[in-house]
Peer 1: 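Below are the structure tokens for one structure; questions will follow.
As a basis for the values below, the full set of heavy atoms in this structure was taken, side chains included, without hydrogen atoms, waters or symmetry mates.
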Amino acid sequence: MKKVAVFASGTGSNFENLVISQKGIENCNYSIELLIVDKKDAKAIEKSNKLGIPVYFIDPKLYQKKELFEEAVLTILKESSIEFIALAGYMRILGATILNCYKDRVVNIHPSFLPEYPGKDSICRAFSDKCKTTGVTLHYVDSGVDTGKIIYQERIHIDPLWSLLHLEESVHEIEHKIYPYVLNKICKIF
Ligand code: GRF
């Protein structure tokens, strides 16, 4: 069983789903031990409290350098013997301080079929461009923006009659289906 920390900045639906899914996976290989948030109003905080998972808000504004911010995060991870990091809507690029300590042990979920639409607002941009398809990607995290090695992807066909909201819901549905499954597989092999 690998001890996992989730990092989030917003709603936290993937975080919540990763926690809840642990119980449904037979011989689950991961355990969500804590949540790190970098925004004090992140909805993920409420979800964490409801689920009884410790949550740590670390304010980047209190640190003059990214390295110092990441060292504060690392201290928490080390105190809880965290072995693996799962990003879920974390809106910050990880620096060398964390990546060197967790080499090949950080994954992210991204709402597009990478390398299409890296970065922010991927769902909205695919919708505005009237794409016929988009997707969801799980990838290892490197120092770039959504550039790490791809682990798993699923395509979503976009019906031209769909609203943006419908597309967003479809993307999240796929995310919630695949993230626990893929994290479980990775935690088994590494
Ligand atoms: C998801 O769409 C994820 O792919 C992206 O950020 C969003 C987070 O959603 N990286 P939530 O906070 O887990 O609801």
Peer 1: For Lys3, is there any backbone N or O sitting under 3.5 Å from a side-chain donor or acceptor partner on Glu33?
Peer 2: no
Peer 1: Enter the distance from Ile158:CD1 to Ser170:OG here, rounded to the nearest 0.5 Å.
Peer 2: 9.0 Å
Peer 1: Less than 4.5 Å apart, side chain to side chain, heavy atoms only: is that true for Phe84 and Val107?
Peer 2: yes
Peer 1: Ignoring hydrogens and angles, tell me if any N or O in the side chain of Ser9 forms a donor-acceptor pair with the backbone of Met91 under 3.5 Å.
Peer 2: yes
Peer 1: Would you mind reporting whether Ile32 and Gln22 have side-chain heavy atoms less than 4.5 Å apart?
Peer 2: yes
Peer 1: Looking only at non-hydrogen atoms, find the nearest pair between Cys124 and Leu164 and report the distance.
Peer 2: CA-CD1, 4.0 Å
Peer 1: May I ask you to test the Val106-Phe7 pair for a side-chain heavy-atom distance under 4.5 Å?
Peer 2: no
Peer 1: Between atom NE2 of His176 and atom OG of Ser21, what is the distance when rounded to the nearest 0.5 Å?
Peer 2: 9.0 Å
Peer 1: Identify the residue among Gln153, Glu116, His110 that makes a side chain to side chain donor-acceptor pair (under 3.5 Å) with Thr137.
Peer 2: Gln153
Peer 1: Indicate the atoms forming the closest heavy-atom contact of Trp162 with Ile156, along with that distance.
Peer 2: CZ3-CG2, 4.1 Å
Peer 1: Test of understanding: clusters of I, L, V, M, F, W, Y form through side-chain heavy atoms closer than 4.5 Å, transitively. Do Leu138 and Ile93 belong to the same one?
Peer 2: no
Peer 1: Of all the heavy-atom pairs spanning Pro111 and Thr134, show the shortest one and how long it is.
Peer 2: O-OG1, 4.2 Å
Peer 1: How far does CD1 of Ile58 sit from CD1 of Ile36, to the nearest 0.5 angstrom?
Peer 2: 4.0 Å
Peer 1: What's the verdict on side chain to side chain contact (heavy atoms under 4.5 Å, CB included) for Lys78 and Cys101, showing C-alpha distance, side-chain angles and the deciding distance?
Peer 2: CA-CA 10 Å; Lys78 282 179 183 162; Cys101 270; 4.2 Å; yes
Peer 1: What's the separation between atom CG in Asp121 and atom CZ in Phe127, rounded to the nearest 0.5 Å?
Peer 2: 14.0 Å
Peer 1: Do other residues, nucleotides or ligands put more than 12 heavy atoms under 6.0 Å from Asn27 CG?
Peer 2: no
Peer 1: Report yes or no: does Lys47 contribute a side-chain atom to a donor-acceptor pair with the main-chain N or O of Thr11 at less than 3.5 Å?
Peer 2: yes
Peer 1: In terms of hydrophobic clusters joined by side-chain contacts under 4.5 Å, are Ile85 and Val145 together?
Peer 2: no
Peer 1: Around atom CD of Glu67, are there more than 12 heavy atoms of other residues, nucleotides or ligands at under 6.0 Å?
Peer 2: yes
Peer 1: Using modelled atom types only, decide if a donor and an acceptor are shared between the side chain of Ser112 and the backbone of Tyr117 within a distance under 3.5 Å.
Peer 2: yes
Peer 1: If you compare all heavy atoms of Asp146 against all heavy atoms of Gly119, which two are closest, and at what distance to 0.1 Å?
Peer 2: OD2-N, 2.8 Å
Peer 1: Which atom names give the shortest non-hydrogen contact between Leu77 and Ala5, and what distance separates them?
Peer 2: CD2-CB, 3.7 Å
Peer 1: Of Lys61, Lys66, Arg92, which is the lone residue that meets salt bridge (charged side-chain N to carboxylate O under 4.0 Å, His left out) with Asp38?
Peer 2: Arg92
Peer 1: Is Tyr30 reaching over with its side chain to a backbone N or O of Leu18, donor-acceptor style, under 3.5 angstrom?
Peer 2: yes
Peer 1: Is it the case that the side chain of Asn29 and the backbone of Asn184 share a donor-acceptor pair, with hydrogens and angles ignored and the cut-off at 3.5 Å?
Peer 2: yes
Peer 1: Does a sphere of radius 6.0 Å around NZ in Lys2 hold more than 12 heavy atoms from other residues, nucleotides or ligands, not counting ones at 6.0 Å or beyond?
Peer 2: yes
Peer 1: If I take atom CG from residue Leu94 and atom CG from residue Asn100, how far apart are they, to the nearest 0.5 angstrom?
Peer 2: 11.0 Å
Peer 1: Taking a hydrophobic cluster as the set of Ile, Leu, Val, Met, Phe, Trp and Tyr residues connected by side-chain heavy atoms closer than 4.5 Å, whether directly or through intermediates, do Ile178 and Tyr140 fall within one such cluster?
Peer 2: yes
Peer 1: So, for Pro118 and Pro115, which heavy atoms are closest and what is the spacing to 0.1 Å?
Peer 2: CD-O, 3.4 Å
Peer 1: For Lys43, does the NZ atom sit with more than 12 other heavy atoms under 6.0 Å from it, leaving out its own atoms?
Peer 2: no
Peer 1: Closer than 3.5 angstrom, by distance alone: can the side chain of Thr147 be matched with the main-chain N or O of Ser143 as a donor-acceptor pair?
Peer 2: no
Peer 1: Given side chains that start at C-beta, do those of Leu51 and Ile20 come closer than 4.5 Å, heavy atoms only?
Peer 2: yes
Peer 1: Using only heavy-atom distances, determine whether the side chains of Glu175 and His172 contain a donor-acceptor pair under 3.5 Å.
Peer 2: yes
Peer 1: Look only at the side chain of Asp142 and the backbone of Gly144, and say whether a donor-acceptor pair between them is shorter than 3.5 Å.
Peer 2: yes
Peer 1: Same cluster for Ile150 and Phe113 if Ile/Leu/Val/Met/Phe/Trp/Tyr side chains link at under 4.5 Å?
Peer 2: no
Peer 1: At what distance, to the nearest 0.5 angstrom, does NZ of Lys177 lie from CG of Asn17?
Peer 2: 12.0 Å
Peer 1: For the pair Tyr102 (side chain) and Ile82 (backbone), establish whether a donor and an acceptor sit closer than 3.5 Å, ignoring hydrogens and angles.
Peer 2: yes
Peer 1: Treating Ile, Leu, Val, Met, Phe, Trp and Tyr as nodes and any side-chain heavy-atom pair under 4.5 angstrom as an edge, say whether Ile109 and Tyr181 lie in one connected cluster.
Peer 2: yes
